[in-house]
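Below: one structure, written as structure tokens.
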Amino acid sequence: MKRVLVIGAAYVDIVVNVQRLPRSGEDVPGEWRRTQVGGSAFNVQRALTYAGATANLLVPIGRGEHATIVRETFQRLGIPMLLQDPSADNGWDVSFVEANGERAFLSINGVERYWRSEWFETVNLADYSYVYLSGYELEDPHAAAVILTALERFPQLPVLFDTSPRVDQLTAAVLKRILRPGVLVHSNAVEIQRLGSPDETYQAIAQRLNALTEAPVVVTLDAQGCYYVDQGQAHMVPGEASQVVNTIGAGDTHCGGLLAELTAGHSLEVAMQRANHLAALVVAQRGGALEKV
């Protein structure tokens with residue numbers, strides 16, 4: 001059976017609505033909306049499950065206030081807890097959602113920052129058809145070395161690398177290891193600019209990365225849809241109209257939809273259309289992860 005392994009973190013999101021983000025020294029009012037489990041990996045796994053794909057979630061669950069929320073959510077949703085480590089609590093963040101639906105995060109790291117090689121003993125990478133990996137997990141050089149060393153033992157295993165808003169924090173050595181042949185790069189227009197020079201367009205950067213990785217490079221463009229380069233050829237897939245409520249999880253859900261379709265053997269064009277559809281669904285809801293009702 002074809003399966004996807006989603007590597008990353010499960011955070012606790014404290015979602016707060018604000019009219020706009022405060023400037024230094026300001027005090028702006030906010031409205032608490034919800035406390036939920038999030039994190040890129042969690043949102044990707046939920047999108048994969050929503051799309052009918054089989055996906056395992058390799059995220060550490062620690063011990064503490066936030067880990068308890070994560071554990072209870074996993075139990076409620078029937079998500080197997082493959083990795084438990086009581087050495088620290090899970091991370092959490094404040095998710096500021098502005099009036100236009102755009103979001104910003106203040107994140108506090110937890111157990112997911114401290115990857116260990118023995119954590120990979122809980123899974124057999126040979127059992128998977130694709131792996132999802134976010135740039136968040138590669139910020140710490142030690143964690144990056146652990147994760148990338150494990151993946152490099154299976155060079156034929158396709159990896160989707162979701163760049164993350166902090167991709168510019170990755171070291172040159174880590175970028176060199178992850179931007180290798182067989183790695184599908186997934187980004188948005190802002191993030192991909194951080195992998196190029198100031199005078200390069202996102203299209204030019206995508207073309208250059210495609211030549212480097214010999215795999216598709218995807219750039220999401222919000223309501224416009226997504227742009228991708230495959231085998232040197234550029235394509236545009238229009239997005240779907242949606243009433244934007246909250247953009248938390250939009251890129252994660254796009255990754256999950258894309259991987260679900262690729263795992264099912266569908267073409268890149270079909271996979272992009274499905275990914276756009278799921279992203280349109282998630283931005284129209286208050287939560288950052290898709291759930292069937």
Side-chain angles (χ1 to χ4, degrees), residues 8-43 62 64-70 88-114 134-144 162-172 174-175 187-202 205 219-224 242-254 279 282-289:
Y11 268 68
V12 172
D13 296 332
I14 299 172
V15 184
V16 178
N17 283 1
V18 292
Q19 285 298 308
R20 63 173 178 81
L21 295 178
R23 291 186 287 268
S24 180
E26 277 193 319
D27 184 345
V28 301
E31 178 187 12
W32 173 84
R33 293 305 304 174
R34 59 194 292 158
T35 298
Q36 63 190 24
V37 174
S40 294
F42 178 83
N43 295 337
E65 175 185 356
H66 303 103
T68 297
I69 296 172
V70 172
D89 199 357
N90 280 63
W92 61 283
D93 63 76
V94 181
S95 304
F96 298 99
V97 182
E98 297 179 75
N100 63 358
E102 192 52 74
R103 84 289 185 270
F105 298 102
L106 172 63
S107 301
I108 293 85
N109 293 318
V111 67
E112 66 287 331
R113 187 77 169 185
Y114 307 108
S134 167
Y136 283 122
E137 273 58 64
L138 302 182
E139 290 180 26
D140 181 87
H142 173 75
D162 184 12
T163 55
S164 91
R166 299 204 298 254
V167 67
D168 52 348
Q169 301 300 307
L170 274 57
T171 67
V174 167
L175 283 173
S187 188
N188 64 34
V190 173
E191 295 167 6
I192 202 168
Q193 293 287 167
R194 295 168 183 154
L195 292 174
S197 59
D199 58 344
E200 277 187 295
T201 64
Y202 73 79
I205 298 169
V219 184
T220 57
L221 302 170
D222 299 326
Q224 296 177 57
S242 182
Q243 182 65 46
V244 177
V245 173
N246 177 0
T247 60
I248 295 174
D252 307 330
T253 300
H254 198 275
V282 81
V283 299
Q285 66 174 36
R286 295 196 180 279

Taking atom CD of Gln285 and atom OG1 of Thr253, what is their separation to the nearest 0.5 Å? 7.5 Å
Side chains of Thr68 and Glu65: closer than 4.5 Å at any heavy-atom pair? no
Tell me, do Asp252 and Asp162 make a side-chain contact under 4.5 Å, heavy atoms counted? yes
Separation between CZ (Arg34) and CG (Asn17), nearest 0.5 Å, reads 11.0 Å
The criterion is side chain to side chain donor-acceptor pair (under 3.5 Å); which residues satisfy it with Asn109, sequence neighbours excluded? Tyr11
Can you tell me if Asn90 uses its side chain to pair, donor with acceptor, with the backbone of Ala10 under 3.5 Å? yes
Is it true that a side-chain atom of Glu200 and a backbone atom of Gln193 form a donor plus acceptor pair closer than 3.5 Å? no
Does Leu175 reach the side chain of Leu195, with side-chain heavy atoms less than 4.5 Å apart? yes
For the side chain of Asp89 and the backbone of Ala67, is there at least one donor-acceptor N/O pair under 3.5 Å apart? yes
Taking every heavy atom of Ala9 against every heavy atom of Glu137, the minimum-distance pair comes out as CB-OE2, 3.7 Å
Minimum heavy-atom distance Leu21-Ala104, with the two atoms named: CD1-CB, 3.7 Å
So which atom in Asp199 and which in Ser197 form the shortest heavy-atom distance, rounded to 0.1 Å? OD1-OG, 2.6 Å
Looking only at heavy atoms, which two atoms of Gly196 and Ile205 are closest? And how far apart? CA-CD1, 3.7 Å
Nearest 0.5 Å, please: how far is OG1 in Thr35 from CG in Asp13? 9.0 Å
Test item: Val15 and Gln36 side chains (from C-beta on) under 4.5 Å apart, heavy atoms: yes
Closest heavy-atom contact between Gly249 and Asn43? CA-ND2, 3.9 Å
Value rounded to 0.5 Å, distance of CG in Asn188 from OG1 in Thr220: 4.5 Å
Donor-acceptor pair, distance only, cut-off 3.5 Å: does the side chain of Gln224 make one with the backbone of Asp222? no
Would you say that Arg194 contacts Pro165 through its side chain, given a criterion of any heavy-atom pair below 4.5 Å between the two side chains? yes
Pairing residues for Glu139 by the salt bridge (Lys or Arg N to Asp or Glu O under 4.0 Å) criterion, not counting sequence neighbours: Arg113, Arg166
Rounded distance (nearest 0.5 Å) linking atom CD of Glu191 with atom OG1 of Thr163: 3.5 Å
CD (Glu26) with more than 12 external heavy atoms under 6.0 Å: yes
Test item: Phe42 and Val70 side chains (from C-beta on) under 4.5 Å apart, heavy atoms: no
Given side chains that start at C-beta, do those of Val16 and Glu31 come closer than 4.5 Å, heavy atoms only? no
Closest approach of Ser164 and Ser134, non-hydrogen atoms and distance? CB-OG, 4.0 Å
One should read off an interatomic distance between Phe96 CZ and Ile14 CD1, to the nearest 0.5 angstrom, of 10.0 Å
